[in-house]
Structures are given as structure tokens and as C-alpha cells.
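Because only heavy atoms are used, hydrogens play no part in the values below, and waters and symmetry mates are left out as well, while side chains stay in.
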Amino acid sequence: MKSDSFLRHFRPPKHHRITSIALILGVVVLLPAVFYSAYELQSLSSNEALIADIYARQMDAILFSLNQHVTDVASSWASGIVAIQGRPSPGNPPGSLMEFLSARPGIEAVIVADSALSRAEIAAGPRGSPWSDRGRDVLRALGAVRDTLARLWQVSRLEYRKIEPVRLSGGARPEPDAALLFVVRDDRGARIVGMVLDEETFVRTTVLNKAQEIAGEEFVLAISREGLSAPVASTGPVRPDELRHIARLWMLPGFSVGIRLQGETVEEILQRRFTGNLILILVMSLFLVGGAYWAFRAMKREMELAQLKSDFVSNVSHELRTPLALIRMYAETLEMGRLTDAERQRQYHSTILQEAERLSRLVNNVLNFARIEAGRKQYSFAAVDLNAVVADVLRVYSHQLENEGFSPVVELAGDLPPVNADREAVTEALINILDNAMKFSGPEKFIRVSTAREGGGVSVEVQDRGIGISPAHQKKIFETFYRVPGAAPPGTKGSGIGLALVKQIMDAHGGAVTVQSQPGAGSTFRMTFPEPGSASATERS
């Protein structure tokens, strides 16, 4: 007893054990899910940065290719200009330059000036360059870019032809025109040669072809002029807001190139991927939370079941100890011959018999419940008169009912047909309900036992005016080991399997057991059997 008391004193309370389980499940299941979700979100950000970096590198390569292409074209044109009828010189521009310009609509004019910027000649193309007959304007425009000219002079001394893009003022347009300048050196000295560009035509006829070659089927490239909303040229349909990694073209000041993926933009791909992964993470988290909740419920249920089994063992031990103690005490008293009064002896014998029957019922309940749980319970179905079963049970229980102060009211239907049932099992079920009514009757010792035929079935009903059962517990009282918390009067014990056994017996008979009860107003238990000839009754025969 001291050991049991010690264990009970130091055993953690039930709610503390459940809280510990919840915390363990949270750490084992939910915490990894949270970390994994955070890792996925971080991975998405890292992948986004990685893709953006790769995209920028791709843009650098594209930009280099386009600028190199413009440089190569300009170098080719420069070589063509120099090769036409000898080296060009001021005052004697080769006549074949007109043919050269006609074949190249991207060039508006060719400028040839001496190194001192004292003389300049202009060969205008067929489009009517605004530079025609404006030599002084050309010289002023070249004088405004002396720094660039100085670099070109210096490079030309190394016998290297370098082409520099500049902006020259002096044309008919309000904004400066783009020109590509280089220096030609020979035995007659150094001269400045410039190609004035029609930039938009140059972009459409020269740059766009290379852009289409680079873009292929993977990208859309768009070349735009600063200050204009729509691109000057593009390799496919694109909106300005869809362009990413916009960069300037080196050889065409004032122009830039933008890139986007063919079909979806990088942002759209990342957003779609992020949304998909987020949904996956949420679904996975929901499954994990659901699994953790299910595991928690299962463990909580197992703990409750273990507690109920522990209570069951304790209650059964008490139920066994009480009748055994009475039987032993009364038997020892009778054996010692201390009782000379015949009436007292009869009472002692009756008590011994009553407690032995109580002990036998308890053992039978446990054994039958074990057989039913293991699926080894076998029933012998035959025609059974429920009125006779009720009469036999009340006769056997008459002494115990009388000792407990009950005078049962019996109402048996006269036209009750026999039912297809196992008489022993039905008797056991009725005894359990009757015993339950006696335990929970309270001060008013009232029990009514009745039979009836109604609704296509035959029923046995036991009514009491005891403590009653709240609606929250009425569906649970037929569960194994379940006992209504705090409902039993002080000192009342029970195994917790009586009503569960009744339900299992009724299920095996194709019938049902129901309860109608209100706290403080008593309870009415009804066992309903299928009427003879019905489908359920036929299946049990």
C-alpha cells in the first residue's frame, strides 16, 4: 500500500503527460517542417539571385556581341571608304563615295577634314543629308570633340585604326547627330574621316540582324532610344516594362538594349516557382500538422485507454475483494459455530450465496467480454420469451433488490412474440442494466422493468429515477472501460465493461441498446430485438 501511495504521489498528472507529448510532437514533427519551410524560402531567394546573376552575365555577353558587331561593321565601312579611289583627301572627295552611301542607308554622310580643322568636305547620301554644304558647321562640331580627336591622333601614330563614337552638332535636327570618327595617315599627312549615322535606320538594318541571330528562340532583344517609350527595333513583341537588364550600346550613344526571356520573364518563372513551392510547403505542412495532430490524438487515446484499463483492474480488484472478504468472514463465523440462531445462520448463508453470485457475475462479465473482444464468443440462437427472461432475472435478483430497498414495477406485454436470441447472453445483458440501475438510483429506490412490441421490434426497458446522465456522456457510456466522471455515488465501484458488454451482445443479435436520460431525473435503457421474421432476425437464426 505504501508503494502504491508513493507511486501515485510522484506520478505526473495526466494533463502534464499530455502536454509533454504535445511538446515532443511539436519538436519532432512541426519544428523540422518549420525549418524546412524556412530553408525552402531561403533557397528560393538564393535561386532568384543566382538566376538574376546568370541573366546579367548573359546580358553582358549579348551586349559585347552587339557592340563588337557594330565595331566590325564600322571597321569594314572605314576600310571601304579608304579604299575607294585611293585615300580620301579634303577638296577631292572620291565620286564613288556616292555609290558607297547609296548601298548603305545607315550612313547619312561622310566627312573628310584636315588635321588642322581648316577645311572639311562632305559627301551626302541620297537621303539628303542635312550636312551638305555645311563645312563650317562640321569644323565647329569637330572642334567640340578635340579630346576624342586627340586620342585618335595618338592611336594612329601606332599604325592602329580606332573608331570612336561622338555626337556632332550642326545638322538640321535639334539634337546632335551620331558619328563614327577615325584617322587616316599616309605620306600626305593625317586626315579625319567621319561617318554620320542615321541611327534608327542603322539599328534596323545593321544591329537588328545580329540581335535576331543572338536571341534565337530563347530571348527577346529590344533596342531603344533614350526618351522614347517604344523600342526602335526588337526581335519579337515586347513591352518596355517587360525588359530587364537594360544596358547602353558602346558604339551608339543614346541607345540601349534590353532583354527578356522568350515566353515568360525571369520574374514570372521565379514567381510561378515560388508560388508552386509555397503551395507545396503549405500542403506538406498541413499534412505534417494533420499527422502530428492524429498522432497526438492517437497517443492521447492510448493514454486514456491505458488509464481506463488501470482503473478497470483497480475496480475489478475491489469488486472481487469485497465479496471474497464477505464470503470468507461469514464462512469463518459459521465454521466456528458461534451462531446458534437459525435465522441468523440463514441470513449468513444467504449473504454468502448472494456474494458468490455477485462474484460469479463479475467473473462471467470479464470472461465474456474477453471472448467477444477476441472474436471467440459463440451464441446459441433459439426462440426466447423475453417475458420469461425478465421474470427469471427478477426472481434471482429479488433478495438483492429487497436488501437494497427496491420494489421493482414490472409491466410485461401480453402479446409479446418470442425472439431469436441467445437466452444466456440476453439474461446477462439485462442483469448488467439492472445492476447499473441499482448502483446509480440514488435516494429514490425506483425501478421499472417492462417489455413491449412496437416499431417492428420487441424491447425490454429498465427505468430508474437516479442521478441520470448528461447528454455529453450518453454516447460514450457504451464504450469500453468508460465511466462518467464524478457521476457515481461515493463508494460505488464498477468494472466499466457492463454497458459495453450489453452493446456488444445487442450488436451480435442485430438489435440495439439506447438510453434516454436527464441529469437528476433518472435514466431509461431499452434493448430492442428484431421481431421474428424480419431480415435481421433471419440472419441470426
Please round to the nearest 0.5 Å and tell me the distance separating atom [atom1] of [X] and atom [atom2] of [Y].
{"X": "M527", "Y": "N432", "atom1": "CE", "atom2": "CG", "value": "9.5 Å"}
{"X": "S398", "Y": "N403", "atom1": "OG", "atom2": "CG", "value": "9.5 Å"}
{"X": "L249", "Y": "S256", "atom1": "CG", "atom2": "OG", "value": "7.0 Å"}
{"X": "K210", "Y": "L221", "atom1": "NZ", "atom2": "CG", "value": "11.5 Å"}
{"X": "S523", "Y": "N436", "atom1": "OG", "atom2": "CG", "value": "8.0 Å"}
{"X": "E404", "Y": "I447", "atom1": "CD", "atom2": "CD1", "value": "9.5 Å"}

Do [X] and [Y] have side-chain heavy atoms sitting under 4.5 Å apart?
{"X": "V449", "Y": "V409", "result": "no"}
{"X": "V513", "Y": "F478", "result": "yes"}
{"X": "V384", "Y": "F529", "result": "no"}
{"X": "L66", "Y": "I214", "result": "yes"}
{"X": "M438", "Y": "F406", "result": "yes"}

Self-check item: side chain to side chain contact (heavy atoms under 4.5 Å, CB included) assessment of L401 paired with L394
Solution: CA-CA 8 Å; L401 288 167; L394 292 177; 4.1 Å; yes
Identify whether the distance between the nearest side-chain nitrogen and carboxylate oxygen of [X] and [Y] falls below 4.0 Å.
{"X": "D392", "Y": "R423", "result": "yes"}
{"X": "E454", "Y": "R526", "result": "yes"}
{"X": "E411", "Y": "R448", "result": "yes"}

Polar side-chain atom of [X] near backbone of [Y] as donor-acceptor pair, under 3.5 Å:
{"X": "D464", "Y": "A437", "value": "no"}
{"X": "S517", "Y": "I469", "value": "yes"}
{"X": "D435", "Y": "I431", "value": "no"}

Practice problem: Go through the structure and list residues passing side-chain contact (heavy atoms from CB on, under 4.5 Å) with A425, not counting sequence neighbours. | Solution: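 Listed in chain order: Y379, D422, I505, H509.
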Quiz item: Taking only residues two or more places apart in sequence or in another chain, which ones pass side-chain contact (heavy atoms from CB on, under 4.5 Å) with A247?
Solution: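 M59, L63.
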Quiz prompt | side chain to side chain donor-acceptor pair (under 3.5 Å) evaluation trace for N387 with T451 | solution = CA-CA 7 Å; N387 285 342; T451 59; 2.7 Å; yes
Please find the pair of heavy atoms, one from [X] and one from [Y], that lie closest to each other, and give the distance.
{"X": "P417", "Y": "V458", "value": "CG-CG2, 4.0 Å"}
{"X": "L499", "Y": "I477", "value": "CB-O, 3.5 Å"}
{"X": "P231", "Y": "P240", "value": "CD-CG, 4.5 Å"}
{"X": "S459", "Y": "T528", "value": "CB-OG1, 3.9 Å"}
{"X": "G258", "Y": "I246", "value": "CA-CG1, 4.0 Å"}
{"X": "L416", "Y": "A452", "value": "CD1-O, 3.5 Å"}

Exercise. Run the numbers on R465 and S441 for side chain to side chain contact (heavy atoms under 4.5 Å, CB included), then give the verdict.
Key: CA-CA 6 Å; R465 295 176 182 171; S441 281; over 6 Å; no
Looking at [X], I want to see if its [atom1] is surrounded by more than 12 non-hydrogen atoms of other residues, nucleotides or ligands under 6.0 Å.
{"X": "K445", "atom1": "NZ", "answer": "yes"}
{"X": "Q516", "atom1": "CD", "answer": "no"}
{"X": "Q68", "atom1": "CD", "answer": "yes"}

Practice problem: Please lay out, stage by stage, how H69 and V207 fare under the test side chain to side chain contact (heavy atoms under 4.5 Å, CB included). | Solution: CA-CA 8 Å; H69 175 69; V207 182; 5.5 Å; no
Quiz item: With a cut-off of under 6.0 Å to the ring centre and 45° to the axis, is R225 in cation-pi contact with F255?
Solution: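 No, R225 and F255 do not form such a contact.
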Practice problem: Give the C-alpha distance, both sets of side-chain angles, the deciding distance and a yes or no for side chain to side chain contact (heavy atoms under 4.5 Å, CB included) between L434 and Y397. | Solution: CA-CA 9 Å; L434 191 61; Y397 252 62; 3.9 Å; yes
